[in-house]
Amino acid sequence: MSNKSSVRVRFAPSPTGDLHVGNIRTALFDWAYARHTGGKLIFRIEDTDTERVTDQYIQAAIDTLKWLGLNWDEGPEVGGEYGPYLQSQRLEIYATWADKFLAQGDAYHCYCSGEELEERRQLQMKNNQAPGYDGKCRNLSATQIQEFKSQGRKPVVRMRMPDGETTFVDAIRGEVKFEHKYVPDFVLARADGSPLYTLAVAVDDVLMKITHVLRGEDLLSSTPRQIRVYQAMGLKPSEYPIFAHLPFVMGQDNAKLSKRNGEVSIAWYREQGFLPEAICNYLALLGWSPGDDKENITMQELVELFTVERVNSSPARFDMKKLEAINGDKIRALTIDEFLKWALPFLINAKVITGTQAELDVVRSALPIIQERIVKLAEIPTMLNFLFVKNFKVEGDEMGKIVDPDSQNVLKVALTKLEPVQSWDHVAIESVLRVALIEELGLKPRIAFSALRIAVTGSHISPPLFESLELLGKERSIARIKAAISN
RNA sequence: GGCUCCGUCGUCUAGUGGCCUAGGACUCUGGCUUCUCAAGCCAGCUACGAGGGUUCGAAUCCCUUCGGAGCUACCA
């Protein structure tokens with residue numbers, strides 16, 4: 001490998017949809033590697049397929065990456081000396097190279113129509129032959145070309161794969177070899193001159209001086225084609241980038257993660273209240289490991305520890321439970337100020353609060369008691385709703401649990417003991433209630449406090465009772481207990 | 001079908017010939033703690049796909065086999 005500061009890695013998604021878990025894992029590794037080596041991360045948009053690409057996804061991808069904390073040195077928004085970084089803005093460059101390949105004899109015009117190709121492919125399959133371009137237009141005579149032209153045919157540009165084989169060393173998998181008889185001549189540019197991935201990706205990696213290509217394993221078998229383009233461009237093997245094909249992230253059904261087998265859109269994780277650092281931490285563990293037993297790491301630690309050598313070659317199954325566990329850990333590690341910053345949008349979105357200073361003060365004092373009780377930020381609204389709801393009412397199910405004589409008695413006793421309490425803090429509240437209900441009435445704590453919990457929070461599951469009472473305030477607490485007493 | 005990649009607990013992984021009667025994390029189960037729910041703590045379950053070699057010794061090396069995945073486009 002060349003010296004450290006010259007490392008240039010690229011993340012080059014095709015914006016045909018929202019960035020998903022697999023894309024992000026790749027982006028994360030690209031980023032971590034660039035940062036680890038002190039190199040540059042180049043963000044390039046591969047939008048050569050005009051039929052599938054949508055502009056909105058480009059902006060969405062930018063937003064997602066930024067939200068995750070992954071920054072880039074060259075690319076959309078930041079520019080760079082090798083731009084533009086949208087392939088749709090580099091069309092002339094690809095056209096120029098395609099012409100050069102044609103002139104050099106590395107590529108040739110192919111006049112076969114899609115239907116003809118498909119027909120021949122079916123025939124190959126039927127005869128148990130490897131399907132692929134059969135080389136029909138490889139050596140057309142001038143008269144044949146005239147003939148096709150007079151038929152009004154427009155040619156595509158097809159790369160000639162010479163006999164032989166391509167061998168390259170994948171940084172994760174070792175030496176990989178493809179015999180060219182299994183790598184048919186491939187199309188570089190459509191009849192209208194627009195480039196295909198195979199052309200654009202190779203040209204850009206060379207022009208943008210990419211030194212390391214870390215990408216999904218699905219591109220492994222397209223590597224010989226990419227190398228063929230390098231050769232046509234005049235590169236020596238020592239000038240090829242280093243390839244590292246990352247293992248897949250798979251869904252529950254053992255297939256590549258997709259919308260069908262799991263939640264893949266990062267937007268969804270964001271809405272659920274997963275922290276960017278938790279997502280990155282978890283994703284980093286899919287196909288890579290720090291080496292020791294420490295799994296909960298910061299972005300900083302990831303950068304320090306990440307090496308391609310430690311990337312696994314086998315695919316990993318996505319496990320929501322573990323992501324949640326890590327997210328819970330990260331949430332618990334937040335300072336209250338940070339936690340507040342993350343919590344507010346969820347509270348406001350759920351219309352639990354509007355965002356007044358008074359509300360913020362309450363939320364801030366309530367956060368410590370729910371911090372270790374949630375796994376996702378989206379759980380916050382339901383947990384704190386009882387503190388803000390205007391017309392509080394215990395719902396039927398829960399109400400049914402406190403209409404029995406014992407519960408009613410607890411509420412009545414609690415009411416009389418609580419009303420005189422002057423300093424309304426959880427310590428005082430707890431001691432009063434313990435004396436009255438546990439010592440004097442001889443009740444089991446879980447029985448005694450359960451009735452009160454339901455009466456004031458509306459649910460048998462809530463944050464700690466005494467702190468909840470304190471946060472609610474004396475007035476509302478008393479009122480709710482009164483309301484829960486049947487007569 | 002062909003080509004290529006991959007194969008350690010349910011899941012993510014540690015492991016590069018002896019440190020492995022295989023370690024950690026998540027999940028699950030049981031327990032402790034306890035005002036609910038959590039958190040925390042303790043314990044337990046469970047794996048080298050299979051079969052052959054090589055070796056004093058193999059999860060680690062070799063072969064075969066089985067299984068899974070990707071590719072096989074004028075998608076990327």
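Protein chains get the first letters and strands the later ones, always in sequence-line order, with residue 1 at the start of each. Small disclaimer: the values here were computed from a predicted structure and weren't measured.
- For the pair A:R153 and A:Y111, the NZ or CZ position fails the cation-pi test of under 6.0 Å to the six-membered ring centre and within 45 degrees of the ring normal.
- Here A:G287 lies in heavy-atom contact (under 4.0 Å) with sugar-phosphate atoms only.
- Set against B:G70, B:C12, B:A39, the side chain of A:L285 has B:C12 as its closest nucleotide.
- In this structure, the side chains of A:C112 and A:V156 stay at 4.5 Å or more apart for every pair of heavy atoms.
- No donor-acceptor contact under 3.5 Å links the side chain of A:R317 to the base of B:U13.
- Heavy atoms of A:R190 sit under 4.0 angstrom from at least one base atom.
- Using a 4.0 Å heavy-atom distance criterion, A:P463 is classed as a base contact.
- Judged by distance alone, with hydrogens and angles left aside, A:E372 brings no side-chain donor or acceptor close enough to the base of B:G40 to form a pair under 3.5 Å.
- The side chain of A:S459 contributes no N or O atom lying less than 4.0 Å from OP1 or OP2 of B:U36.
- Taking only side-chain nitrogens and oxygens, A:R52 never comes nearer than 4.0 Å to OP1 or OP2 of B:C75.
- When each of B:U27, B:A76, B:C12 is scored by its nearest atom to the side-chain atoms of A:K321, the top-ranked nucleotide is B:U27.
- Checking the phosphate oxygens (OP1, OP2) of B:C35, a side-chain nitrogen or oxygen of A:R434 falls inside 4.0 Å.
- If you find the closest nucleotide of RNA chain B to A:L465 and to A:R310, the one lying nearer the 5' end belongs to A:R310.
- The A:S14 side chain lies nearest to B:A76 when the options are B:C35, B:C75, B:A76.
- Counting only heavy atoms from C-beta on, A:S222 has its side chain closest to B:A76 among B:U36, B:A76, B:C12.
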What side-chain donor-acceptor pairs closer than 3.5 Å can you find for residues 283-293 of chain A, not counting sequence neighbours?
unit_1	atom_1	unit_2	atom_2	d
A:S289	OG	A:G291	N	3.3
A:S289	OG	A:R310	NH2	3.3
A:D292	OD1	A:K294	N	3.0

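- Geometrically, A:R158 engages A:Y133 in a cation-pi contact defined by less than 6.0 Å to the ring centre and at most 45° from the axis.
- Residue A:R225 is in base contact, counting any heavy-atom pair closer than 4.0 Å across all strands shown.
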**Item:** Base-contact (B) and sugar-phosphate-only (S) positions in nucleotides 1-7 of chain B, heavy-atom cut-off under 4.0 Å, - elsewhere
**Value:** BSSSSSS
